[in-house]
Amino acid sequence: MQYFPLFVDTQSLKVLVIGAGDVASRKLDLLSRTQAQIHVIAIEACQDTLNYAEQGRISLELRAVTEADINGADLLYLCTADTALNEQLAVFAKEQGIWANVVDNPKFCRFITPSIVDRGRLQIAISTAGAAPVYARELRARLESWLPQSLSPLFDFIAERREEVQQRLPVFKQRRVFWEQFFTRNDSRFDADTQSHYEASFAMQAQQGELLLIDSGTAPELLPIGAMPYLQKIEVTFSRLSVPFGLNEILRRDASYSDHYDESTIAELLAKGESCLVYGDPAEITHLVKLFPAARHLQAGSF
């Protein structure tokens, strides 16, 4: 992984953009949605950039840039048509410990800006590390059509109530089950029923946990897409074998792992409402299928 995705808190972030043409204005289209302090330096500016300045969203200086201008910036975007100037300033920025992005010149970029799907508090960043930006745009278009605009007010609704949920449900697991039930009832909608779904989710009942079984003869990449939501709910993975990297990648990052277990251990956790996964050889999984008839045996094409 050459590029590690990060979400940066833009409050009080000082962003310097060098250049004010069409390329720079496209950067400003995204940057202007943030809370960053944006300063632009350029010899001349396109109309879109001038509009941002007139609206007070950016500060703009129409003059030549110097290396001294870079000092004090947190992030730097180099968007001039002068490749040599962009590279010179990028080298200087690196020496000063300032992260720079050079348009269409990844060799000199300390960071890149991904393709973004914006639903308010829900942000999805997509990158192909510069290899296939056209595909990243196509994937973004698919996600834009799939994710409803209602998610933006829905997550504002949720954010306003997180403290109340923490007070009413002090145990982490209770809160997790609460939110799972809320989203099961409400889905991605934000409408007149959302508040009632929220209140109804507090009246949750203790539920039997779910058991997933995967045998070592099933390659992770062959698991059906329909299994993914179930795998993301797993709290404990049991296995006496080495769990494949591909399987670990689709499990929850905070799930625990144990190679010391028996049937009673599994049954006890299920009774407490814990969701468990057992990854074992075919003989073990066949045995557990008989002991736990309600378990889901995940195989290729099982959904």
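What's counted below: heavy atoms across the whole structure, side chains too, no hydrogens, waters or symmetry copies.
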Counting C-beta onward and ignoring hydrogens, is there a side-chain heavy-atom pair between [X] and [Y] closer than 4.5 Å?
X	Y	answer
Leu212	Val278	no
Leu62	Leu60	yes
Pro114	Ile126	no
Pro5	Met1	yes

Hydrophobic cluster of Ile112, others only, ordered by chain and residue number, side-chain cut-off 4.5 Å: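 Direct or chained contacts put Ile112 with Tyr3.
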Under the ring-ring contact (aromatic ring centres under 6.0 Å, His included) test, which residues partner [X], sequence neighbours left out?
X	answer
Trp179	Phe182
Tyr198	Phe157, Phe178, Phe202
Phe238	Tyr261

Pairwise distance OG1(Thr49) to CD(Glu54) - rounded to 0.5 angstrom: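 Those atoms lie 11.0 Å apart.
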Pairs involving residues 33-60, ordered by first then second residue, that meet ring pair (Phe, Tyr, Trp, His ring centres under 6.0 Å) (sequence neighbours left out):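 Pairs touching residues 33-60 that pass the test: none.
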Ring pair (Phe, Tyr, Trp, His ring centres under 6.0 Å): pairs with one or both residues in residues 109-128, sequence neighbours excluded: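 Only Tyr77-Phe111 qualify under ring pair (Phe, Tyr, Trp, His ring centres under 6.0 Å).
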Derivation of the salt bridge (charged side-chain N to carboxylate O under 4.0 Å, His left out) call for Glu199 and Arg168: CA-CA 12 Å; Glu199 294 297 340; Arg168 294 176 66 173; 3.8 Å; yes
Sequence-distant partners of Glu44, side chain to side chain contact (heavy atoms under 4.5 Å, CB included), two or more places apart: none
Arg121: partners by side chain to side chain contact (heavy atoms under 4.5 Å, CB included), with sequence neighbours left out: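 Testing Arg121 for side chain to side chain contact (heavy atoms under 4.5 Å, CB included), a comparison that skips the adjacent residues, returns Phe155, Asp156, Ala159.
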With sequence neighbours excluded, residues passing side-chain hydrogen bond (donor to acceptor under 3.5 Å, both in side chains) with [X]:
X	value
Arg33	Asp118
Asp82	none
Arg63	Glu61, Asp69

Could you give the side-chain donor-acceptor pairs of residues 14-25 under 3.5 Å, partners two or more places apart or in another chain?
residue	atom	partner	partner atom	Å
Ser25	OG	Asp22	O	2.7

